[in-house]
Amino acid sequence: MASISSNSTYNLNGGLWVRRAAAVPGNQCQHLVPKQSLLSQTFSVSTHAKRFFPIEESTRRIPRMNTDRCCAFGVEKTSSFSVGEKFQLDDVIEAQQFDRDTLNAIFEVAREMEKIEKNSPGSQILRGYLMATLFYEPSTRTRLSFESAMKRLGGEVLTTENAREFSSAAKGETLEDTIRTVEGYSDIIVMRHFESGAARRAAATASIPIINAGDGPGQHPTQALLDVYTIQREIGKLDGIKVGLVGDLANGRTVRSLAYLLSKYQDVKIYFVAPDVVKMKDDIKDYLTSKGVEWEESTDLMEVASKCDVVYQTRIQKERFGERIDLYEEARGKYIVDLDVLGMMQRHAIVMHPLPRLDEITVDVDMDPRAAYFRQAKNGLYIRMALLKLLLLGKGDKDILTM
């Protein structure tokens, strides 16, 4: 249990609010809570020690705020958020952490975020919050979509684009020390790293939420979330679909995370189409088998395309080959989605790609309505808006989304 002490009382919006401080190890959290609630509520620290909230299931969760932020713009009564069906999201580290109920909740909020982006450009849901983007590898879509998501919800951004070269990491600072430092400047950290497992290390260190924006050849869970969201929006269902994963399946963190998420749904079949040097690794195949998901390896892209609801193409990642350029050249260009492949696909099917692309999808495919990859990239904004809202404020009442 956290030790709680009250300091000052404030008259806000016609009610008395008391600032409370919780002595959470490594982090001094302060909240404004209704004074009357002090008479009956006890508080506990979450297992992540990142925030605390009333034990009672019926009580409302109070967003984490520091003293200056509370005084700067006041506290609206609508800023209390219900936990709602025991929904809690502390970090986004890997695709396996989500179940179907959580996915549905995220997608529901993402649809609300789409309305905000189109109809309420001046949203202030995350006013007063700071997001740090810590990217040790290059990124365009992921970094910019997270920054856009934060700003569209009224938050602010601290950013470093090439932390591997232009941060203290170049001086030998450990990831753990970097995280402990950056969390002192921000409320949430979005991190891309070149080492698999780095996001888990960061989450174990931090007392604020961590979002994995890609960790080497490991995972890219937010990409997988937007991919599944896109499939649902485009195809209209997730159960009973057939998906062809094409290209660099050994090094592609996006396809690994997507395979994990697809295993949550019923009667899904996954086809793996890849050059020999970049075939899907056994750990994913074993996982799918353990979950009862049917999968098949194939060398015939045309045949697979004719069967699938989704053809998910990926580029061959040259940066993962090191000095073995010969192996890269062996893999590159073997499987290309062009008009011939498109001609084999069903009319309702779609082509997806996490981007960037090189030559693995020809540009003449772009004009076909089944080319969904730019719509897919746009969906990334809504998913990341939803994740920021859920991580910082929780799953609250729908009317709060129109603030």
Side-chain angles (χ1 to χ4, degrees), residues 140-141 220 223-224 226-259 261-263 265-280 284-285 288 293-318 328-380:
T140 301
R141 277 150 298 277
H220 197 344
Q223 178 71 46
L226 74 90
D227 290 342
V228 174
Y229 182 68
T230 298
I231 294 171
Q232 183 186 66
R233 297 296 299 271
E234 298 278 339
I235 303 299
K237 64 177 184 178
L238 290 165
D239 291 319
I241 62 172
K242 295 180 180 178
V243 179
L245 303 181
V246 186
D248 192 341
L249 306 187
N251 300 306
R253 55 196 172 206
T254 62
V255 289
R256 292 175 59 83
S257 292
L258 179 56
L261 283 194
L262 290 174
S263 71
Y265 298 92
Q266 300 297 315
D267 301 319
V268 170
K269 181 169 183 179
I270 301 178
Y271 294 89
F272 300 129
V273 184
D276 288 339
V277 294
V278 286
K279 283 187 174 182
M280 181 60 80
I284 297 293
K285 298 175 190 175
L288 294 175
V293 178
E294 185 179 359
W295 59 268
E296 177 183 328
E297 289 189 309
S298 175
T299 59
D300 191 336
L301 177 56
M302 290 287 194
E303 181 183 7
V304 169
S306 69
K307 298 176 179 179
C308 285
D309 302 286
V310 178
V311 173
Y312 191 101
Q313 175 70 295
T314 64
R315 72 181 175 90
I316 305 298
Q317 299 186 30
K318 184 177 181 180
Y328 168 72
E329 294 297 338
E330 179 184 337
R332 181 185 177 188
K334 186 166 186 179
Y335 295 109
I336 295 176
V337 174
D338 54 18
L339 293 180
D340 291 334
V341 173
L342 207 62
M344 296 295 295
M345 293 175 60
Q346 302 173 68
R347 296 187 66 177
H348 76 278
I350 57 173
V351 178
M352 296 176 64
H353 193 302
L355 302 177
R357 69 169 166 186
L358 299 180
D359 54 4
E360 62 275 0
I361 299 179
T362 58
V363 294
D364 50 9
V365 172
D366 295 355
M367 300 305 295
D368 192 289
R370 291 171 292 180
Y373 28 89
F374 293 115
R375 299 191 296 274
Q376 173 188 356
K378 180 70 176 197
N379 286 335

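We count residues from 1, following the sequence as given. As the structure is a computational prediction, the values presented were derived from the model and not from experiment.
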Report the C-alpha separation of Y373 and T230 in whole Å, then their side-chain angles, then the decisive distance to 0.1 Å, and conclude whether the side chain to side chain contact (heavy atoms under 4.5 Å, CB included) test is met. CA-CA 9 Å; Y373 28 89; T230 298; over 6 Å; no
For the pair D300 and S298, evaluate side-chain hydrogen bond (donor to acceptor under 3.5 Å, both in side chains) and give the outcome as yes or no after the intermediate values. CA-CA 6 Å; D300 191 336; S298 175; 5.9 Å; no
Verdict with supporting geometry, L238 and I231, side chain to side chain contact (heavy atoms under 4.5 Å, CB included): CA-CA 7 Å; L238 290 165; I231 294 171; 3.7 Å; yes
Audit row: R375, R233, side chain to side chain contact (heavy atoms under 4.5 Å, CB included) steps and yes/no: CA-CA 10 Å; R375 299 191 296 274; R233 297 296 299 271; over 6 Å; no
Give the C-alpha distance, both sets of side-chain angles, the deciding distance and a yes or no for side chain to side chain contact (heavy atoms under 4.5 Å, CB included) between N251 and R315. CA-CA 10 Å; N251 300 306; R315 72 181 175 90; over 6 Å; no
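Nearest heavy atom pair, residue H348 against residue I235, reads O-CD1, 3.5 Å. Taking all atoms of both residues into account, the shortest heavy-atom contact from M302 to M344 is SD-CG, 3.5 Å. Of all heavy-atom pairs between V243 and I241, the closest is CG2-CD1, 3.7 Å. In this structure, V341 and I336 approach most closely via the heavy-atom pair CG2-O, 3.5 Å. For the pair V351 and I361, the tightest heavy-atom approach, listed with the atom from each and the gap, is CG1-CD1, 3.9 Å. Nearest approach of Y271 to K307, heavy atoms of both residues: OH-CD, 3.5 Å.
No donor-acceptor distance shorter than 3.5 angstrom exists from the side chain of R141 to the backbone of G380, with no hydrogens or angles considered. Between the side chain of Q376 and the backbone N or O of D227, no donor-acceptor pair lies under 3.5 Å. The main-chain N or O of G247 is never found under 3.5 Å from a side-chain atom of E360 such that the two would form a donor-acceptor pair. Side-chain atoms of D276 never come within 3.5 Å of backbone atoms of K279 as a donor-acceptor pair (strictly under, hydrogens ignored). Using a distance-only test at 3.5 Å, with no hydrogens or angles considered, a donor-acceptor pair links the side chain of T314 to the main chain of V246. Side chain of S263 to main chain of L288: no donor-acceptor pair is present (N/O by atom type, distance under 3.5 Å, no hydrogens or angles). The backbone N or O of Y265 sits nowhere less than 3.5 Å from a side-chain atom of D239 that would complete a donor-acceptor pair. The backbone N or O of Y335 sits less than 3.5 Å from a side-chain atom of Q313, completing a donor-acceptor pair. Between the side chain of R332 and the main chain of I316, no donor-acceptor pair closer than 3.5 Å is present.
Looking only at side-chain heavy atoms (C-beta outward), E234 and M352 stay at 4.5 Å or farther from each other.
With rounding to the nearest 0.5 Å, the separation of CG in L262 from NZ in K242 is 14.5 Å. In this structure, S306 OG and Q346 CD are separated by 7.5 Å, a value rounded to the nearest 0.5 Å. Rounded to the nearest 0.5 Å, atoms CD1 (I350) and CG (D368) are 11.5 Å apart. Rounded to the nearest 0.5 Å, atoms OG1 (T254) and CD (Q223) are 6.0 Å apart. Taking CE of M280 as the reference point, atom NZ of K285 lies at 8.5 Å (rounded to 0.5 Å).
Pairs engaging residues 227-256 under the ring-ring contact (aromatic ring centres under 6.0 Å, His included) rule: F107-Y229 [sequence neighbours left out].
Note on ring orientation: taking the six-membered ring where Trp is involved, the planes of F272 and W295 are tilted (angle from 30° to 60°).
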